[in-house]
Amino acid sequence: MAYHTEALVVSAVGNEPRLSPVILDTLRDDELLVEMHATGICHTDVACMEGKLPTGFPCVLGHEGAGVVLRTGKGVKDVSEGDKVILSYNFCTGCQQCLCGQPAYCDNLVAQNFGGKRPDGSRTIRLPNSEQEVFANFFGQSSFCRVALVNRASVARVAADTPLDIFAPLGCGVQTGAGAVLNTLNVQEGTSVAVFGVGAVGQSAIMAARLRGASIIIAVDLEDSRLEMARELGATHTLLGSTNVSQQISAICAPSNGVEFAVDCSGVTQVIETMLDSLATRGRAASVGSPAPGKRAGVDVFAHLTLGREYVGCHQGSSVAEQMIPYLIDQHKQGKFPVEKLITYYPVEHYQQAFRDLKHGRAIKAVLRWKEGSSKYPDSN
């Protein structure tokens, strides 16, 4: 049985998405049919649209979905119809990394999230009156869709009273920034942290550093408005990222010779090099911003080894979504993680404005609301 709905379809690399009628394939045993209430727009979606990150075309993107389960596949035993869910990254469940509790580093990560197709290559969406295949397994969810087929691995269940439009961004950008601080770097109370690039991911890292009780929290960005928000969310110092950043960080952190922990959320190789130069002796840095594949950053190897610095990659904040998402929701309930301050909402019919505002910095985190005007679509054979 197929399902009729609407989705934001990107027809070719470089094209803008277009809200179009689509037909979903039959629900598989390891999938759920989810009615979307809200979907966050992430810079990864934009990068894929522009061809900077790999995906197939035509496609339906979206990987910060939140909604209500309409149906479950026969193999899904721990999620029920009517459950509220936040959607996150996909993983294979069977490789070494998945089995040892690190699904964010799944050995099949790229295929599971960026490949666009189901793992067996079968079609998930087609256009009406057409046999054209639309790639629609992005992060196991392709949640720029009123109703989506979602892999069970991508699903985090949440409480029935959870406001889905607030917490949709937790599935990727927010848990990535927060997890970089809480998991990958494991920042401790009383330490110093620098965050390079304070969009949605960086602001989430700022909030997490405050959660951990860091005594110095430095936000670095090119936009004054973002630095002002970083101050509101917990930054103790803000720096415009145009001149002498590493020297300014050293001065702030004196008598230490640099910052103890740092996160790059920009993906700009020059910024990564500045971050590494800003580290103290035995300082630790992580990259969460993603440049195009093949980009390389330089490191002063002598300083790196004599000072015992560390530099690690970080995907999804090393988070297990079914653990991290409820944790962040709980912190929000306690008033310690005000993620709603990052969000600008748009009815899905205004999606073009939402994408423009995100690309031009007028929104830190744009969230599309699907529920207004959303009805239960009829099934068709």
Pairs satisfying salt bridge (charged side-chain N to carboxylate O under 4.0 Å, His left out), at least one member in residues 222-249, at least two apart | E232-K341
Do H304 and Y311 make the cut of ring centroids closer than 6.0 angstrom?
-> no
Is M36 close to L87 at the side-chain level, that is, under 4.5 Å between some pair of heavy atoms?
-> yes
Quick one: pull up CD in E81 and CG in L70 and give me the separation to the nearest 0.5 Å.
-> 8.0 Å
Atom CG in N108, atom CD in Q97: separation rounded to 0.5 Å?
-> 11.0 Å
Tell me, do C106 and Y89 make a side-chain contact under 4.5 Å, heavy atoms counted?
-> no
Please round to the nearest 0.5 Å and tell me the distance separating atom CE of M207 and atom CG of L211.
-> 8.5 Å
Report the C-alpha separation of E273 and K295 in whole Å, then their side-chain angles, then the decisive distance to 0.1 Å, and conclude whether the salt bridge (Lys or Arg N to Asp or Glu O under 4.0 Å) test is met.
-> CA-CA 13 Å; E273 292 170 0; K295 293 287 186 180; over 6 Å; no
Measure the spacing between CG of N151 and CD of Q112 and express it to the nearest 0.5 Å.
-> 7.0 Å
Under the 3.5 angstrom rule, does the side chain of R369 hit a backbone N or O of D165 as a donor-acceptor pair?
-> no
Side chain to side chain, L53 and T44, heavy atoms closer than 4.5 Å | yes
Distance-minimising heavy-atom pair for G179 and M324 = CA-CE, 3.8 Å
Between V367 and A38, what is the shortest heavy-atom contact and its length?
-> CG1-CB, 3.9 Å
So, the side chain of Q188 versus the backbone of N186: is there a donor-acceptor pair under 3.5 Å, distance only?
-> yes
Quick one: closest heavy-atom pair of L279 and A285, and the distance?
-> CD1-CB, 3.8 Å
Side chain to side chain donor-acceptor pair (under 3.5 Å) partners for D78, two or more places apart = R152
Less than 4.5 Å apart, any side-chain heavy atom of T5 and any of W370?
-> no
Do you know the tightest heavy-atom contact between G171 and I325?
-> CA-CD1, 4.1 Å
Among pairs that include at least one residue of residues 351-365, which meet salt bridge (charged side-chain N to carboxylate O under 4.0 Å, His left out), considering only residues two or more places apart or in two chains?
-> E16-K359, E50-K359, E64-K365, D357-R362
Could you tell me whether the side chain of Y351 reaches within less than 4.5 Å of the side chain of I41, counting heavy atoms only?
-> no
Kindly check if the number of other-residue, nucleotide or ligand heavy atoms within 6.0 Å of CD (Q247) is above 12?
-> yes
Any donor-acceptor pair under 3.5 Å linking the side chain of T269 with the backbone of A297?
-> no
Does atom CD of Q334 have more than 12 heavy-atom neighbours, drawn from other residues, nucleotides or ligands, at distances under 6.0 Å?
-> yes
